[in-house]
Amino acid sequence: MKVKWNRVAIHIGIVILMLCSTWPARAQGIDYPVIQPLPSPRPFYRFNFGFQSELASRDVDEDAFVFNGFNFPKTKGRADMVRLLARFGVYLLDNVEIYGVAGGSDLSIDEFDQFNSGQEFAYGGGVNWVFYEIQSFEGPIKLYIDYRYFHFRSKDQVLFRPCCDNSGFLIADELVDETITWNEHRLKVGVSGRHYIFEPYGGARFSVVNGKDHLPTSTQDLNLKFKQDDLFGLFFGANIYFDPSDRAFFFIEGSLIDEDALNLGVRVRF
């Protein structure tokens with residue numbers, strides 16, 4: 001069943017805080033410091049594969065346009081998406097992962113003449129670079145950068161209703177096969193830690209959407225462009241490992257401001 005988030009901001013903050021305490025050993029009333037061994041290195045895997053779902057909603061602004069000689073103002077809309085994706089990654093270096101995603105995405109923008117498409121093929125890819133790492137007794141603390149490009153094209157037959165021009169003249173409605181092309185660039189700068197099977201993370205994100213909207217009416221082809229409303233955002237999440245080998249884990253992630261979203265999935269490393 002299609003999940004529709006219409007004009008609702010999904011503000012999700014996921015904060016996971018784990019504290020660990022150690023107590024000194026006591027013998028004959030004398031305190032001795034506890035010397036803890038260094039953590040054993042965690043296994044390293046070269047490849048990973050997984051599935052994930054992304055429920056996302058964000059504001060977009062479409063350019064003003066001229067239709068049959070009449071001026072129409074800029075349109076502000078709310079784009080709602082449900083994405084179902086497979087992800088495959090490979091570590092070219094120990095701290096650099098190249099990955100690709102492929103699957104489907106729908107798109108709903110009520111302000112664009114009730115545009116509402118089904119699942120269409122979507123794809124993208126990116127790179128994750130851990131540029132700084134500190135070893136601790138709980139596990140590594142990592143600083144990283146993640147860039148991803150995402151693309152899909154959606155189609156729907158809409159009732160194009162330009163309504164009135166700026167002089168009040170009524171323009172007739174028309175059924176049009178509308179095509180929207182979505183190009184999204186996203187950059188995340190984050191930090192992650194580790195406590196037992198939990199790996200919380202979070203940071204700042206920057207995203208740019210360059211979209212195209214094609215409306216081939218009977219009198220004029222409209223080729224419009226739209227962009228994101230907000231550039232900057234925040235994200236919070238956690239990986240939860242299934243066993244001490246770190247081979248498989250579940251993750252959940254939320255973002256807000258630039259895009260209100262909830263992402264979750266599973267990943268297996270080998």
Item to complete: Keeping the roles fixed (side chain from Q119, backbone from S105), state whether a donor-acceptor pair exists under 3.5 Å.
Response: yes

Worksheet item: Should D146 and R186 count as an ion pair when the cut-off is N to O under 4.0 Å?
Response: yes

Discussion item. Please check this pair: side chain of E253 against backbone of N263, looking for a donor-acceptor N/O pair closer than 3.5 Å.
Written reply: no

Discussion item. Consider side chain to side chain contact (heavy atoms under 4.5 Å, CB included). Of D246, I240, N239, which one does E199 pass it with?
Written reply: N239

Worksheet item: Are D94 and R46 ion-paired here, with the side-chain N under 4.0 Å from a carboxylate O?
Response: yes

Practice prompt. For residues Q228 and V208, determine if any side-chain heavy atom of one lies less than 4.5 Å from a side-chain heavy atom of the other.
Written response: yes

Discussion item. Is there a path of hydrophobic side-chain contacts, each under 4.5 Å between heavy atoms, that joins L84 and L107?
Written reply: no

Worksheet entry | Exam field: side chain Q52 to backbone R87, donor-acceptor pair closer than 3.5 Å | no

Worksheet item: So does F131 have more than 12 non-hydrogen atoms from other groups sitting under 6.0 Å from CZ?
Response: yes

Worksheet item: According to the interplanar angle, ranging from 0 to 90°, do the rings of F72 and F65 count as parallel (below 30°), tilted (30 to 60°) or perpendicular (above 60°)?
Response: parallel

Worksheet item: Side chain of N95, backbone of V130: donor and acceptor closer than 3.5 Å?
Response: yes

Worksheet entry | From K142 atom NZ to R194 atom CZ, the distance as rounded to the nearest 0.5 Å | 8.5 Å

Worksheet item: Heavy atoms, side chains only, cut-off 4.5 Å: are L256 and F236 in contact?
Response: yes

Item to complete: Might you confirm whether atom NZ of K225 has over 12 heavy atoms from other residues, nucleotides or ligands at distances under 6.0 Å?
Response: no

Item to complete: Could you check K227 against N210 for side chain to side chain contact (heavy atoms under 4.5 Å, CB included), going step by step and ending with a plain yes or no?
Response: CA-CA 5 Å; K227 292 181 180 266; N210 292 314; 3.1 Å; yes

Worksheet entry | Rounded distance (nearest 0.5 Å) linking atom CG of D260 with atom CG of L55 | 12.0 Å

Worksheet entry | Polar contact flag, side-chain donor to acceptor under 3.5 angstrom, S207-E259 | no

Worksheet entry | Nearest heavy-atom neighbours spanning F150 and A122 | CZ-CB, 3.5 Å

Worksheet item: How many angstroms lie between CG in D61 and CG in D229, if you round to the nearest 0.5 Å?
Response: 4.5 Å

Item to complete: Please name the pair of heavy atoms, one in A102 and one in F121, separated by the smallest distance, quoted to 0.1 Å.
Response: CB-CE1, 4.4 Å

Discussion item. With a 4.5 Å cut-off on side-chain heavy atoms, are D106 and D80 touching?
Written reply: no

Worksheet item: In terms of ring plane angle, is the pair Y144 and Y201 parallel, tilted or perpendicular, where the classes change at 30° and 60°?
Response: perpendicular

Worksheet item: With no hydrogens and no angle check, is any side-chain donor or acceptor of D243 less than 3.5 Å from a backbone partner on S245?
Response: yes

Practice prompt. Look only at the side chain of D156 and the backbone of S117, and say whether a donor-acceptor pair between them is shorter than 3.5 Å.
Written response: no

Worksheet item: Minimum heavy-atom separation for E174 to S218, with atom names?
Response: OE2-N, 2.8 Å

Discussion item. Set out, in order, the CA-CA distance, both residues' side-chain angles and the distance that settles side chain to side chain contact (heavy atoms under 4.5 Å, CB included) for R247 and F242, then state yes or no.
Written reply: CA-CA 8 Å; R247 184 177 296 274; F242 294 149; over 6 Å; no

Worksheet entry | Student check: side-chain heavy atoms of D177 and K155 closer than 4.5 Å | no

Response to the item:
d(H185 NE2, Y147 OH) to nearest 0.5 Å is 4.5 Å

Practice prompt. Before accepting this row, confirm whether a basic side-chain N of the pair R267/E97 lies closer than 4.0 Å to the acidic partner's carboxylate O.
Written response: no

Item to complete: Decide whether R78 and S57 meet the rule of one side-chain donor and one side-chain acceptor closer than 3.5 Å.
Response: yes

Worksheet item: From I109 CD1 over to D213 CG, what is the distance, rounded to the nearest 0.5 angstrom?
Response: 7.5 Å

Worksheet item: Is the NZ or CZ atom of R148 both under 6.0 Å from the centre of the six-membered ring of Y99 and within 45° of that ring's axis?
Response: no

Item to complete: Spell out, as yes or no, whether a donor-acceptor pair under 3.5 Å connects the side chain of Q220 to the backbone of N68.
Response: yes

Discussion item. Y91 and ring pair (Phe, Tyr, Trp, His ring centres under 6.0 Å): which single residue from F270, F44, W129, Y45 fits?
Written reply: F44

Discussion item. Taking the side chain as everything from C-beta on, heavy atoms only, tell me whether N223 gets closer than 4.5 Å to H214.
Written reply: yes

Fill in: Side chain to side chain, F206 and D258, heavy atoms closer than 4.5 Å
no

Practice prompt. Compare every heavy atom of D230 with every heavy atom of R58, then report the nearest pair and how far apart it is.
Written response: NH2-O, 3.6 Å

Worksheet item: Same cluster for V101 and V96 if Ile/Leu/Val/Met/Phe/Trp/Tyr side chains link at under 4.5 Å?
Response: no

Worksheet item: Out of curiosity, E62 CD to L224 CG, how far, rounded to the nearest 0.5 Å?
Response: 4.5 Å

Worksheet item: Side-chain heavy atoms under 4.5 angstrom apart, residues restricted to Ile, Leu, Val, Met, Phe, Trp, Tyr: same cluster for V176 and L159?
Response: no

Item to complete: State plainly whether one hydrophobic cluster holds both F51 and M81, where clusters connect Ile, Leu, Val, Met, Phe, Trp and Tyr through side-chain heavy atoms under 4.5 angstrom apart.
Response: no

Worksheet item: Among the clusters formed by ILVMFWY side chains lying less than 4.5 Å apart, do L234 and I145 turn up in the same one?
Response: no

Discussion item. Quick check: do T75 and F226 have side-chain heavy atoms less than 4.5 Å from each other?
Written reply: no

Practice prompt. Locate the shortest heavy-atom distance separating V189 from F235; write the atom from each residue and the value.
Written response: O-CE2, 3.9 Å

Worksheet item: Mind checking whether F88 and F47 have parallel, tilted or perpendicular rings, split at 30° and 60°?
Response: parallel

Worksheet item: Hey, are the side chains of N183 and Y149 touching, using non-hydrogen atoms and a 4.5 Å cut-off?
Response: yes

